[in-house]
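Shown next, in structure tokens, is the structure this report addresses.
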Amino acid sequence: GQNIDQPTEMTATEGAIVQINCTYQTSGFNGLFWYQQHAGEAPTFLSYNVLDGLEEKGRFSSFLSRSKGYSYLLLKELQMKDSASYLCAVRDLNSGYALNFGKGTSLLVTP
Amino acid sequence: EAQVTQNPRYLITVTGKKLTVTCSQNMNHEYMSWYRQDPGLGLRQIYYSMNVEVTDKGDVPEGYKVSRKEKRNFPLILESPSPNQTSLYFCASSGQASAYEQYFGPGTRLTVT
């Protein structure tokens, strides 16, 4: 089974940097994903980590430590449109490569 | 345009009336999956399919059926819907089960009264 934890809500100011943490426990780790989801819309892919380290993609970066069961998503130069829910998901090859999602972190960006 | 489509987008129905939510992808993806999303519970996988005629249960399969007769289609069937199946449903696909990105459909908001 999976246990994926991330904060429920966060607030940050436009132009600032915010870090959203995710911890997980899994028996068959096969990658960690971050998705963005605006209210009422489909999740959209942000990043993927399968090896330890930092993956950078424009204003967004994601970090993974497999030994600690820990990841974070870093959002720089926050914009109002970044207000959304951020979903951490872990793929488990022992469950048919199922993607198991955390409950999501609702980020509010304020002026 | 590469996409995953779902129909209907919105549906209000009554308890016990069989319904099907269709899902289709035009990317020749092998892997397809159904999720439901409920407040406070996040996205939970219902069923998935590794390829044509290969399906398996996810975390919350009770009350649902699926079929995968063609590569592009993966319908979700509720034989006898109940109010606890009121939810937002997403279909997703990826090239292979091990691919790094799943593409999600726009969602189907189902209400069972």
Side-chain angles (χ1 to χ4, degrees), chain A residues 1-9 20 22-24 26-51 53 55 57 60 62 64 71 84-107, chain B residues 2-7 9-10 21 23 25 27 29-51 54-61 66 68 87-111:
Chain A
Q2 309 272 332
N3 193 13
I4 302 172
D5 289 315
Q6 49 182 131
T8 304
E9 294 178 336
I20 303 174
C22 172
T23 59
Y24 66 90
T26 182
S27 55
F29 179 82
N30 190 248
L32 187 139
F33 302 76
W34 285 95
Y35 280 81
Q36 180 191 60
Q37 186 179 26
H38 286 97
E41 297 183 9
T44 54
F45 172 79
L46 288 178
S47 69
Y48 167 67
N49 296 71
V50 67
L51 300 176
E55 294 283 340
K57 210 176 186 181
F60 293 6
S62 58
L64 175 67
S71 173
S85 185
Y86 291 85
L87 313 178
C88 174
V90 174
R91 187 163 59 198
D92 182 354
L93 60 84
N94 290 335
S95 300
Y97 292 90
L99 207 58
N100 294 288
F101 284 84
K103 295 177 182 178
T105 298
S106 180
L107 174 66
Chain B
Q3 61 183 348
V4 180
T5 56
Q6 294 178 228
N7 282 291
R9 294 288 315 279
Y10 303 91
V21 184
C23 173
Q25 48 89 9
M27 296 169 279
H29 283 171
E30 290 184 354
Y31 187 90
M32 297 185 75
S33 183
W34 274 104
Y35 298 88
R36 62 177 288 174
Q37 187 172 35
D38 303 289
L41 296 177
L43 276 162
R44 295 177 293 167
Q45 191 178 51
I46 303 170
Y47 269 95
Y48 64 92
S49 170
M50 302 278 271
N51 213 325
V54 181
T55 63
D56 210 343
K57 297 176 181 178
D59 291 329
V60 288
V66 293
R68 188 91 182 273
S87 186
L88 179 58
Y89 291 87
F90 289 103
C91 178
S93 74
S94 60
Q96 295 173 340
S98 57
Y100 72 88
E101 180 174 356
Q102 284 198 14
Y103 296 83
F104 281 80
T108 295
R109 187 166 292 280
L110 173 66
T111 301

*asked:* Less than 4.5 Å to any heavy atom of chain A: does that hold for the side chain of Tyr35(B), its backbone, both, or neither?
replied: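 For Tyr35(B), side-chain heavy atoms alone lie under 4.5 Å from chain A.
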*Taking all non-hydrogen atoms of both residues, which atom of Ala42(A) and which atom of Gly105(B) are closest, and how far apart?*
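Shortest heavy-atom separation between Ala42(A) and Gly105(B) comes out as CB-O, 3.0 Å.
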*Closest non-hydrogen atom pair, Glu41(A) against Phe90(B)*: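 For Glu41(A) and Phe90(B), the tightest heavy-atom pair comes out as O-CZ, 3.5 Å.
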*Contacting region of Leu87(A) [heavy-atom separation from chain B under 4.5 Å]*: side chain
*With Gln25(B) via side chain to side chain donor-acceptor pair (under 3.5 Å) - residues at least two apart*: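 So Gln25(B) forms no side chain to side chain donor-acceptor pair (under 3.5 Å) with any residue.
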_Using a 3.5 Å distance criterion without hydrogens, assess whether the side chain of Tyr35(A) forms a donor-acceptor pair with backbone atoms of Gln102(B)._
yes
*Residues in side chain to side chain contact (heavy atoms under 4.5 Å, CB included) with Thr44(A), at least two apart?*
Gln36(A)
*Atom CG in Leu46(A), atom CD in Glu101(B): separation rounded to 0.5 Å?*
9.5 Å
*Looking at CG of Asp59(B) and CG of Asn100(A), how far apart are the two atoms once the value is rounded to the nearest 0.5 Å?*
5.5 Å
*Any side-chain heavy-atom pair from Leu99(A) and Ser33(B) closer than 4.5 angstrom?*
no
